[in-house]
Amino acid sequence: YLTINQENIIKDISKKEDIDIATVRKVFKSAEGIIFDYLSSTTPTDKTVVKLLDGLSLECKYVPSQEIHGYEDIQCDEKIWVKPKITRHYNRKLNGYFEN
């Protein structure tokens with residue numbers, strides 16, 4: 001299977017847009033930090049959605065601490081849970097249902 005990593009994308013953007021590769025790398029690193037800050041600031045009352053690209057987003061919600069009663073009582077800490085979302089429109093576009 002084909003795996004495209006961040007470095008491949010950085011090189012492609014640098015070449016296509018004629019931008020220094022170090023600049024593109026710096027922009028990606030900055031974007032990663034900003035996105036992480038948005039996601040990590042999710043609160044119990046607010047769900048956070050970061051729309052990365054047209055049709056691709058990250059949905060983040062706060063999960064409070066809870067106790068699970070079973071064979072043993074387990075205490076689960078609070079956490080932030082992130083799920084990637086891809087829209088139906090994006091999938092259809094990818095499969096050629098729409099003209100670009």
Side-chain angles (χ1 to χ4, degrees):
Y1 58 89
L2 179 62
T3 301
I4 294 112
N5 60 27
Q6 184 176 347
E7 192 59 30
N8 297 125
I9 295 170
I10 288 170
K11 288 176 184 175
D12 289 346
I13 291 171
S14 173
K15 192 180 297 181
K16 182 175 182 176
E17 299 300 325
D18 194 27
I19 300 171
D20 181 52
I21 198 163
T23 303
V24 178
R25 208 175 270 126
K26 188 174 178 181
V27 169
F28 260 76
K29 189 73 173 165
S30 180
E32 185 178 349
I34 290 167
I35 291 166
F36 184 85
D37 289 344
Y38 279 129
L39 295 175
S40 64
S41 66
T42 300
T43 65
T45 56
D46 296 320
K47 184 168 93 170
T48 302
V49 177
V50 176
K51 295 183 177 185
L52 297 174
L53 303 169
D54 187 25
L56 177 62
S57 63
L58 298 174
E59 291 187 5
C60 190
K61 70 177 183 176
Y62 177 89
V63 179
S65 63
Q66 57 185 344
E67 205 171 305
I68 300 173
H69 302 287
Y71 179 71
E72 289 184 40
D73 290 341
I74 301 171
Q75 180 66 37
C76 297
D77 295 333
E78 61 190 22
K79 59 187 171 189
I80 294 174
W81 195 256
V82 180
K83 290 191 321 186
K85 294 283 187 174
I86 299 173
T87 64
R88 182 179 308 145
H89 180 78
Y90 191 82
N91 269 320
R92 287 180 178 170
K93 185 176 179 181
L94 196 59
N95 287 296
Y97 291 113
F98 303 109
E99 293 297 319
N100 292 339

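At least one side-chain heavy atom of N5 sits less than 4.5 Å from a side-chain heavy atom of N8. You'll find the side chain of Y90 reaches within 4.5 Å of the side chain of T87, heavy atoms only. Looking at heavy atoms from C-beta onward, L58 lies out of side-chain contact with V49 at the 4.5 angstrom threshold. Residues V50 and L39 are in side-chain contact: their nearest non-hydrogen atoms beyond the backbone lie under 4.5 Å apart.
Residue pairs satisfying the side chain to side chain donor-acceptor pair (under 3.5 Å) criterion with at least one member in residues 48-66, sequence neighbours excluded, are listed as follows: T42-T48, Y62-E78.
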Identify all side-chain donor-acceptor contacts of residues 19-34 below 3.5 Å with residues at least two apart in sequence or on another chain.
| from | atom 1 | to | atom 2 | distance (Å) |
| --- | --- | --- | --- | --- |
| D20 | OD2 | A22 | N | 3.4 |
| R25 | NE | E7 | OE1 | 3.4 |
| R25 | NH2 | E7 | OE2 | 2.5 |

Output a table of donor-acceptor pairs, distance under 3.5 Å, between side-chain atoms of residues 68-75 and any protein atom two or more places apart or on a different chain; print 'none' if there are none.
| from | atom 1 | to | atom 2 | distance (Å) |
| --- | --- | --- | --- | --- |
| H69 | ND1 | D73 | OD1 | 3.1 |

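Between the NE2 atom of H89 and the CG atom of N91 there is a distance of 10.5 Å, given to the nearest 0.5 Å.
Within the 3.5 Å criterion, the main-chain N or O of I10 finds no donor-acceptor partner in the side chain of S14.
By the criterion of side-chain heavy atoms lying less than 4.5 angstrom apart, applied directly or through intervening Ile, Leu, Val, Met, Phe, Trp or Tyr residues, I35 is grouped together with V82 in one hydrophobic cluster. Hydrophobic clustering keeps L53 apart from L94 (ILVMFWY residues linked when any side-chain heavy atoms are closer than 4.5 Å, directly or through intermediates).
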